[in-house]
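Quick note on labels: first sequence line is chain A, next is B, and so on, each numbered from 1.
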Amino acid sequence: MSQKKILLVDDEQALTRMMRLNLEQTGRYEVREENRGANAVRAAREFMPDLIFLDVMMPDMGGDEVAEQLKEDPTLKHIRYAFLTAIITKRETGTGAAEISGETFLAKPVKREELLAVVEELLGD
Amino acid sequence: MTEDAAKHEGERTPSILMVDDIPANLRILYESLKGRDYRLLIANSGAQALEVAKRASPDLILLDIMMPDMDGFEVCRRLKADPETKDSAVIFLSALDDAADKIRGLELGAVDYVSKPFNPDEVAARVDTHCKILLLERELANRNRQLELVRDRILNSMAEGVVGVDADARVRFVNPAAERILGADAQHLLGRRLEDWEPEQLKRAITRALAERREIVVDGLSLPRAGREHLPADLRVAPVCASDRLEGAVVVLRDLSDRRRVEAKLDRTSDELRQSHRELKEAQMQLIQAAKLESVGRLAAGVAHEVKNPLAIVQLGLDYLAQVVELDGTSIEVVNDMQHAISRADTVVRGLVDFSRERDLDLKPYSMNRILADSLQLVRYELVQRQIAVETALSETVPSRMYDPDKMQQVFLNLFMNAMHAMDRVGTLTVATETIVVAQDDLGTHAKQVGFLPGDRLIRVRVEDTGPGIQPQDLERLFDPYFTTKRQGEGSGLGLSVTRNIVTLHGGSIDLENRPGGGARAVLLFRPAQDSAKERDEPKEDPAGR
Ligand SMILES: Nc1ncnc2c1ncn2[C@@H]1O[C@H](COP(=O)(O)OP(=O)(O)OP(=O)(O)O)[C@@H](O)[C@H]1O
Ligand SMILES: [Mg+2]
């Protein structure tokens, strides 16, 4: 009954929509999209998600900076997050997510099953 | 008597002609001079004097002024007017101690005069003096002739053309070089006025040298020569003055065509210099290219971001559709096609990023044949669609060695894509592996750069197509980053550059060439692994690798 909440932050609106459709289609997640990095922290405060996907490269504020701000905010620092990246290649991440210096990375283009696997792994405890 | 005397005209003995209409005078003269070392001639009229002078060419003529029919002045004028007699020196015999007469005589070319009545000693002394003068003059003339000969020898052997002109700028002598340079022989040149010549600069230089009495130098003249090409020359005109009197000028012409030849040689040398300068420039360009490659890293990041986002959208969109839509046989194929396209595009971008990062190779012992088989598998779909046949000749004895299989796959993916694009539709893609001992002819530019030598035992991979081949002018640039002949958006021009980079990281070489029968061929060479001796001992190797 209690759907887990996922916030998607990426400047590509079509991408966040596709991710949302795939996640919602499972019926297990409540998803919200945010297409501006600078608004990500505020959206997180309002929505209070269980998991945030952050695009690393965004024009106004990068995902890494958003993550820093999340960690500095006592009310948000517990939220889990994963990065979406176009730069790190699939071979480095393998299938699914990769841990690079403690952070989780997901290489674009993300496949549905990869996405769902990562979400399950990060939320499934 | 006159005849007699004339007959005895000797070479060295001065001959003296005495002319008087009064026999007594002639006798006195005769008495005065006889017994000395002279040949004596006599004439008793002006007419006879001219006749004898002409015949005997006397050195000295003692000439009476007062004679009937033709006076001495007239005789002298005629003597001087006739080239045959003008050289005989004339001494007037004058009864009148008249200054005007003497001056007139001297003006007519006489050298002296003796007053009547004659004093035999005085006559003898005068004649003596003049004969000495004559001898000296002869000696001088002789010396001059010799000097002239020397001068001529010098002038003749001179490379410079020398032209002597008189004060009127009329040509007085030319040397052979001048004839050659001016393109005319002496016969035509002597006496010619320089103003008849071209170019204007030559005329002006001579005119000025004579008028201003100073040397004029003109560099870089272009002399017209009848029926031949212009001759480049330098010109120097030096006025010749004898005790303040302008005698003429010496014109020295220097033929520059020899120098031009030297200059042409210099030109060739500087051509070579320019050539090596260009080569340096090219080397520099390559350095710049290499530096640019570093910036490919930044570019790659941008490209990756731009490409991967849309790819991700398509990927997830497809996945979603596959989830929510009931797919029949055909739409499953369509989805598969689209999946293929996405992974291909992803591979290309990945290659770009990999390339730009210059990461270390992830080496594993691997079989080249397996890499090829895997790579072919990736493009199989594309090949079938384009009706391109694949022929493989994979030698089972090619040894395994260390490769980064992913990167090597990228290499062959690039080569296969290029081949397919070249053939467009219908054709044959041939892939062959073998182990060979290479000959000089097997080594391309890159192979030599890498350091492969004839006699080396190497793994050779060939990827051949039946496309149009490569334009000769493109052959050298194929591997340059960003070099492409494909339309904007169809090729990045990085394919071969990435490919060579990966092959080089493996210690291998890749060269592209045209096949004799048409189409292009990529030739890759790799050294078998260090421990290949062991592997070679294995009689058969699993072509699928481990
Ligand atoms: N098999 C071939 N036959 C004819 N021409 C070729 C062949 N392979 C390469 N070329 C020529 O070499 C050029 C450079 O090739 P390269 O792979 O570096 O770039 P590209 O194919 O144009 O673009 P990209 O591979 O980045 O999409 C091509 O544009 C083409 O003109
Ligand atoms: Mg290419």
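Atom CE of B:M338 sits in a sparse spot, with 12 or fewer heavy atoms from other residues, nucleotides or ligands closer than 6.0 Å.
Applying the side chain to side chain donor-acceptor pair (under 3.5 Å) criterion to A:E68, with sequence neighbours excluded, gives no partner residue.
Of all the heavy atoms in B:I371 and B:Q409, the pair that sits closest is CG2-N, 4.0 Å.
Residues of residues 21-33 of chain A lying within less than 4.5 angstrom of chain B, judged on heavy atoms, are A:L21, A:N22, A:Q25 in numerical order.
When only modelled atom types and interatomic distance are considered, B:D328 and B:S331 share a side-chain donor-acceptor pair under 3.5 Å.
Ring geometry for B:H506 against B:Y403 counts as tilted: the plane angle lies between 30° and 60°, on a 0 to 90° scale.
A salt bridge links B:D511 with B:R500: the distance from a Lys NZ or Arg NE/NH1/NH2 to an Asp or Glu carboxylate oxygen falls below 4.0 Å.
When heavy atoms are compared at a cutoff of 4.5 Å, B:I342 approaches chain A solely by way of its side chain, counted from C-beta outward.
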